[in-house]
Number of protein chains: 2
Amino acid sequence: MCEATIVDAEAVARMLAAQPSEEHVRSIADIFAALSDPTRLRILVALSREDLCVCDLAAVTGVSSSAVSHQLRVLRDRRLVSFARDGKRAVYSLADEHVASLLAQGSEHAGERA
Amino acid sequence: MCEATIVDAEAVARMLAAQPSEEHVRSIADIFAALSDPTRLRILVALSREDLCVCDLAAVTGVSSSAVSHQLRVLRDRRLVSFARDGKRAVYSLADEHVASLLAQGSEHAGERA
DNA sequence: TGAGCATATGAGCACACGTTCAGATGTATC
DNA sequence: GATACATCTGAACGTGTGCTCATATGCTCA
């Protein structure tokens, strides 16, 4: 146990002062959490190339359209995707380029560690 | 139910062909998953500014050093942090600039959505 | 309006995750 | 070697997550 022990008190104080707020940390964690599921990643990768409806996303990802719909809700709530009704269908697209950028960077980082 | 229904067969075929491999998707998901926990984020944010030992990281993040150690293992396994022994202590640092870059981009994205 | 398809939602289950607690390993100092 | 401190590890517990199944809502066309 060393809960009370601090080696570099100054550094700790600096870090505590510089740490982002609880709320901001949670907000960042939420975004990364949304990107941390294989099914959601496949959805986003597909949408980064072409707008697609729920049915087609189900075909691309290989899971049920119900499961896709559940995941799209998560992505919608996080503002990572947006959608437009087209008759019976709902056509989804990436919310903005930040999302594609995050995807690209994650992919790049994953690629480097063979 | 519309499991078998496909609206835009060509687009689906294109996406299926362009989708990254199962393995690569998992690898990307793993990295984002590592970034999706508030405690781990706080650890990484602190390390992006200064190298710190486990005890001081515990003080900065506000959790037990045991919990920090568990999370550091996750980050080590993902190659997001590296460490060097300094006597009794283990001093951790970010593995590379990619990590800081991902952090910055996630933070930026989180900041925009008030 | 009523049938049929696309999408959304709620409950439930299996599994994964983060923490705590207790104890093991490792390193320096005496 | 023995003690003290820092870190690591394994088990266990509560909680969250992603899927399936059943059902509800929305939209179109006859």
Side-chain angles (χ1 to χ4, degrees), chain A residues 1-9 12 25-26 29-44 47 51-78 81-93, chain B residues 1-9 12 25-26 29-44 47 51-78 81-93:
Chain A
M1 287 299 164
C2 65
E3 306 312 333
T5 308
I6 290 183
V7 172
D8 188 342
V12 171
V25 170
R26 278 199 162 275
D30 262 14
I31 291 180
F32 284 129
L35 298 170
S36 70
D37 175 69
T39 298
R40 283 195 294 267
L41 276 179
R42 268 187 269 268
I43 290 174
L44 293 172
L47 291 182
D51 295 356
L52 290 167
C53 68
V54 178
C55 263
D56 290 351
L57 282 171
V60 169
T61 57
V63 301
S64 72
S65 48
S66 173
V68 168
S69 190
H70 276 294
Q71 302 299 12
L72 283 170
R73 187 150 105 99
V74 174
L75 296 173
R76 251 180 338 197
D77 289 350
R78 260 77 159 189
V81 303
S82 56
F83 77 111
R85 279 233 155 242
D86 175 22
K88 296 190 265 196
R89 300 194 306 280
V91 180
Y92 282 81
S93 51
Chain B
M1 289 296 165
C2 65
E3 306 311 333
T5 307
I6 290 182
V7 172
D8 189 340
V12 171
V25 170
R26 278 201 162 276
D30 263 14
I31 291 180
F32 285 130
L35 299 170
S36 71
D37 176 69
T39 298
R40 284 195 294 268
L41 276 179
R42 269 187 269 267
I43 290 174
L44 292 172
L47 292 181
D51 295 356
L52 291 167
C53 69
V54 179
C55 263
D56 290 351
L57 282 171
V60 169
T61 57
V63 301
S64 72
S65 48
S66 173
V68 168
S69 190
H70 275 293
Q71 302 299 11
L72 283 171
R73 187 149 103 100
V74 174
L75 297 173
R76 252 180 331 185
D77 289 349
R78 260 77 160 191
V81 303
S82 57
F83 78 110
R85 277 233 157 244
D86 175 22
K88 296 191 264 195
R89 299 196 306 281
V91 180
Y92 282 80
S93 52

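Naming convention: chains lettered A, B, ... in sequence-line order (proteins, then strands); numbering from 1 in each chain.
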Please answer whether the main-chain N or O of [Y] pairs with a side-chain N or O of [X] as donor and acceptor at a distance below 3.5 Å.
| X | Y | result |
| --- | --- | --- |
| A:Ser69 | A:Ser65 | no |
| A:Ser36 | A:Ala33 | yes |
| B:Asp56 | A:Val7 | yes |
| A:Arg40 | A:Ala34 | yes |
| A:Asp86 | A:Val91 | no |

Side-chain N or O of A:Arg76 versus OP1/OP2 of C:dT9: is the shortest distance under 4.0 Å? yes
State whether B:Gln71 places a side-chain N or O below 4.0 Å from either non-bridging phosphate oxygen (OP1 or OP2) of C:dC17. no
For atom [atom1] of [X] and atom [atom2] of [N], their distance in whole Å:
| X | N | atom1 | atom2 | result |
| --- | --- | --- | --- | --- |
| B:Leu75 | D:dC8 | CG | C1' | 15 Å |
| A:His70 | D:dT23 | NE2 | P | 15 Å |
| B:Phe83 | D:dC8 | CZ | C1' | 10 Å |
| B:Arg26 | D:dG18 | CZ | C1' | 12 Å |
| A:Arg89 | C:dA6 | CZ | C1' | 9 Å |
| A:Arg40 | D:dG18 | CZ | C1' | 8 Å |
| A:Arg73 | D:dG16 | CZ | P | 16 Å |
| B:Asp37 | C:dA16 | CG | P | 18 Å |

Look at the side chain of [X] and decide which nucleotide, out of [options], has an atom nearest to it.
| X | options | answer |
| --- | --- | --- |
| B:Ser65 | D:dT7, D:dG18, D:dA6 | D:dT7 |
| A:Ser69 | D:dT20, D:dT7, C:dT7 | C:dT7 |
| A:Ser66 | C:dT9, D:dA6, C:dG18 | C:dT9 |

What's the separation between atom OG in B:Ser66 and atom CD in B:Gln71, rounded to the nearest 0.5 Å?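 The OG atom of B:Ser66 sits 10.0 Å away from the CD atom of B:Gln71.
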Are there any protein N/O atoms within less than 3.5 Å of an N/O atom in nucleotides 26-30 of chain C, and if so, which ones and at what distance?
none

Kindly check if the number of other-residue, nucleotide or ligand heavy atoms within 6.0 Å of CZ (A:Arg76) is above 12? yes
Closest-nucleotide mapping onto DNA chain D: is A:Ala67 or B:Tyr92 further toward the 5' terminus? I mean the 5' end. B:Tyr92
